[in-house]
Amino acid sequence: MLRGLDIREMLIVDRLELAFQPGLNVLTGETGAGKSILLDALGFVLGWRGRADLVRQGADQGEVTAWFDLPASHPAIAILQEAGIAIEDELILRRVNVRDGRKTAWVNDRRVSGEVLRNLSETLVELHGQHDDRELLNPRGHRQMLDTYAGLEVELDRVRGAWHAMATARRNLAATEARIAEAKSEEDFLRHAVAELDALAPEAGEEATLDTQRRLMQAAEKIRADIGKAAEALGMGGAEGMASDALRWLQGVAGQAEGRLDAPLASIEQAMLTLDEAQRGVADCLDALSFNTSELEEAEERLFAIRGLARKHNVLPDDLRQFADELRGRLAVLDDGARDLDHLREAVSAAQTSYDAAALDIHKRRAKAAKALDAAMAGELAPLKMERAVFATTMTAADAGPEGRDDVAFTVATNPGAPAGPLNKIASGGELSRFLLALKVCLTQASQGLTMIFDEIDRGVGGATADAVGRRLAELATEGQVLVVTHSPQVAALGRHHWRVEKHQDAQSTTSTVVALDANARIDEIARMLSGDKVTDAAREAARALIKI
């Protein structure tokens, strides 16, 4: 329940604090006095998207605070828990609008996003205003309203899940069919290319190895002669023989040299070991350079074959093996395609069956809910002096979609036997207001803890009809809280609490304020609504009569 609203520096309000009560709360005032400003301010603090220029002229920022009673079972508690906000008996919303357009919001002194405010607002307030009519009159939204009325959240999730599963299965089937079709179009190429690559069987790094071997064999004859000369120079006919003779000669006289030849002898021995290693390395190199002419031809043939395939397929030589694997994978799509298609078609069929079952289930539930809504509307229209009118929820077959196969539209016939049609084409202005009131009441009857706000719901009606509208609003208010902005004296007279919205102007500024009316002031206000600017004694008597009814 909305307990209070504090508005500061917003639109033409400098400072205004209102304390609302249970029951029917009525706001009246002359046209242009600023009644809609209160709804704009309330919508702002609740996070609704509305007009942008809310800050009062000359002020740096505007601020709105609203506070609500929050019983333990209120649905807003779940949203607060999810947002990590402390739960208290009172819920305080505050939102600030800076002149440059920035907006900041708090819930119980905890800063929150506009999304949290909007989620909370859905559990706190239900607004029926002049702009709200468009939603109720638009058939595109009627199915959603019926689903909300019937509480089909679980069923909707089920049919949406089945729809998405079916769509995914169909996409997978289509993608596989496309891959198979593409593979078939290039089947000859794939099989020839794979066979060619498999026959050559190139390895990563092989091209570089072959190139090195080829260059080495091409230069082998020239370098082998020089290496052979080096081998002879290192052998017994050269360095090794001379070192051996030197070692033998020095060893023969070392005993007579008093140790002076020990170091040279050790060095010569070390040198001979090093020469031996050099000889073995040179010999190994000579062995490696020994090849047949056919080996060079074979290396060149394989090297040219690898490079030719790489150019043919526009890949690097080292990537040929991976490329072959990719081509084999594309062939596997073709070779295994029939089996894959069978599995995918089975998956599509199973998904279609699940969707059909979910769509049929929600269709039956909607049909049942449509009858219940029609009966509820009949009960609501009678006290609004429209007992002869007929409201019907029509369901027609639609293309399959994520929410089933149903189109839903609300139709009315204002008199028995008259053709039924859309609300906005069949009903007159006064009838439309009453239809919309009844529909709004029916669609929100399952909601708990909502403050219902009606903005000029009585427009287009007067006399006994306006009295009937007022009595229905008063009835609704006995079970909770209703706020109504009205120009109808019949509705205002039935209010439990009455405020008058006033606008004050001077040379510098225009401000709007709200005055709580006592019994006498209330009589004068309803008299003004009956007679106009000049309030007569007769009008006051009529006002007293309305209030006593």
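Atom CG of D69 is separated from atom CE of M1 by 6.5 Å, given to the nearest 0.5 angstrom. The line from CG of L39 to CD of E456 is 9.5 Å long, rounded to the nearest 0.5 Å. The line from CE of M166 to OG1 of T353 is 10.5 Å long, rounded to the nearest 0.5 Å. Rounding to the nearest 0.5 Å places OG1 of T451 at 11.5 Å from CG of L127. To the nearest 0.5 Å, the span separating CZ on R434 from CG on L439 amounts to 15.0 Å. Within the model, atoms CG of N97 and CE of M10 stand 5.5 Å from one another, a figure rounded to the nearest 0.5 Å.
R95 forms a cation-pi arrangement with F44, by the criterion of a distance under 6.0 Å to the ring centre and an angle within 45° of the ring axis.
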Could you check T123 against I79 for side chain to side chain contact (heavy atoms under 4.5 Å, CB included), going step by step and ending with a plain yes or no?
CA-CA 9 Å; T123 69; I79 298 171; 3.8 Å; yes
Between R365 and D361, is a salt bridge (charged side-chain N to carboxylate O under 4.0 Å, His left out) present by the stated rule, with each step listed?
CA-CA 6 Å; R365 293 176 186 272; D361 177 62; 3.1 Å; yes
Report the C-alpha separation of R544 and E541 in whole Å, then their side-chain angles, then the decisive distance to 0.1 Å, and conclude whether the salt bridge (charged side-chain N to carboxylate O under 4.0 Å, His left out) test is met.
CA-CA 5 Å; R544 290 189 184 95; E541 285 303 318; 2.8 Å; yes
Walk me through whether L46 and L120 qualify under side chain to side chain contact (heavy atoms under 4.5 Å, CB included).
CA-CA 8 Å; L46 289 170; L120 284 171; over 6 Å; no
I would like to know whether E525 and R522 meet salt bridge (charged side-chain N to carboxylate O under 4.0 Å, His left out); could you show each step before the answer?
CA-CA 5 Å; E525 174 64 6; R522 189 176 175 216; over 6 Å; no
List the steps and the verdict of side-chain hydrogen bond (donor to acceptor under 3.5 Å, both in side chains) for T28 and H498.
CA-CA 8 Å; T28 61; H498 194 156; 2.9 Å; yes
Chi angles and distances behind the side chain to side chain contact (heavy atoms under 4.5 Å, CB included) call for N25, V484
CA-CA 6 Å; N25 296 259; V484 58; over 6 Å; no
I would like to know whether V45 and T65 meet side chain to side chain contact (heavy atoms under 4.5 Å, CB included); could you show each step before the answer?
CA-CA 7 Å; V45 77; T65 303; 5.7 Å; no
Salt bridge (charged side-chain N to carboxylate O under 4.0 Å, His left out) for D356 and R405? Distances and angles first, verdict last.
CA-CA 9 Å; D356 290 343; R405 296 193 179 96; 2.5 Å; yes
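The side-chain heavy atoms of V159 and E155, taken from C-beta on, include no pair separated by under 4.5 Å. Side-chain contact between D524 and R540 is present, with heavy atoms from C-beta onward closer than 4.5 Å. Counting heavy atoms from C-beta outward, H497 and L24 have side chains that stay 4.5 Å or more apart. When side chains are defined from C-beta on, V125 counts as touching F68, because their heavy atoms get closer than 4.5 Å. Counting only heavy atoms from C-beta outward, the side chains of E88 and N108 approach each other to under 4.5 Å. Looking at heavy atoms from C-beta onward, R500 lies out of side-chain contact with V514 at the 4.5 angstrom threshold. By the 4.5 Å heavy-atom criterion applied to side chains, R15 and I7 are not counted as neighbours. For the pair L91/V107, a side-chain contact is recorded, criterion being any heavy-atom separation below 4.5 Å from C-beta on.
In this model, a donor atom of one side chain and an acceptor atom of the other lie less than 3.5 Å apart for D406 and H363. Checking Q490 against S488 by side-chain atom types alone, a donor-acceptor pair falls below 3.5 Å. Using a 3.5 Å distance cut-off with no hydrogens or angles, the side chains of T393 and D374 do pair a donor with an acceptor. No side-chain donor-acceptor contact under 3.5 Å links T513 and E502. Q61 and R8 form no side-chain donor-acceptor contact under 3.5 Å, judged by distance and modelled atom types alone.
Remark: E90 CD is packed, more than 12 non-hydrogen atoms of other residues, nucleotides or ligands lying under 6.0 Å away. Within 6.0 Å of atom CD in Q57, 12 or fewer heavy atoms from other residues, nucleotides or ligands are found, so the atom counts as exposed in its surroundings. Other residues, nucleotides and ligands contribute only 12 or fewer heavy atoms inside 6.0 Å of the CD atom of Q144. E387 CD: more than 12 foreign heavy atoms inside a 6.0 Å radius. More than 12 heavy atoms of other residues, nucleotides or ligands sit less than 6.0 Å from atom CZ of R118. Crowding of D518 atom CG: a count of heavy atoms from other residues, nucleotides or ligands under 6.0 Å exceeding 12.
Across all non-hydrogen atoms, the minimal contact from L2 to W67 is CD1-O, 3.7 Å. The shortest non-hydrogen separation linking V501 to S512 is CG1-OG, 3.6 Å. Across every non-hydrogen atom of A19 and W499, the tightest pair is O-CZ2, 3.2 Å. Across all their heavy atoms, E403 and R143 have their closest contact at OE1-NH2, 3.2 Å. The nearest pair of heavy atoms linking E380 to C442 is CG-SG, 3.5 Å. Closest of all the heavy-atom pairs between F454 and V482 is CD1-CG1, 3.8 Å.
Using a 4.0 Å cut-off between charged nitrogen and carboxylate oxygen, R471 and D467 count as a salt-bridge pair. In this structure, D147 pairs ionically with R366, as a charged nitrogen and a carboxylate oxygen lie closer than 4.0 Å. A salt bridge between D6 and R94 is absent, with no side-chain N of the basic residue lying under 4.0 Å from a carboxylate O of the acidic one. Here D60 does not pair with R99 in a salt bridge; the nearest charged N to carboxylate O distance is not below 4.0 Å.
Annotation: side chain to side chain contact (heavy atoms under 4.5 Å, CB included) contacts of A493 (sequence neighbours excluded): I526, L546, I547.
The main-chain N or O of I12 is never found under 3.5 Å from a side-chain atom of D14 such that the two would form a donor-acceptor pair. For Y149 (side chain) and A370 (main-chain N/O), no donor-acceptor pair under 3.5 Å exists by modelled atom type. Listed for the S531 side chain is a donor-acceptor partner under 3.5 Å among the backbone atoms of A527. Checking side-chain atoms of T394 against main-chain N and O of A409 turns up a donor-acceptor pair under 3.5 Å. Proximity of a side-chain donor or acceptor of Q481 to a complementary backbone N or O of Q21 within less than 3.5 Å is detected.
For the side-chain contact (heavy atoms from CB on, under 4.5 Å) test with L38, the passing option among L16, L11, V485 is L16; the others fail. Screening R171, R170, E177 for a side-chain contact (heavy atoms from CB on, under 4.5 Å) involving L173 leaves a single residue, E177.
Under the 30°/60° scheme for interplanar angles, the aromatic rings of F410 and H142 are found to lie parallel.
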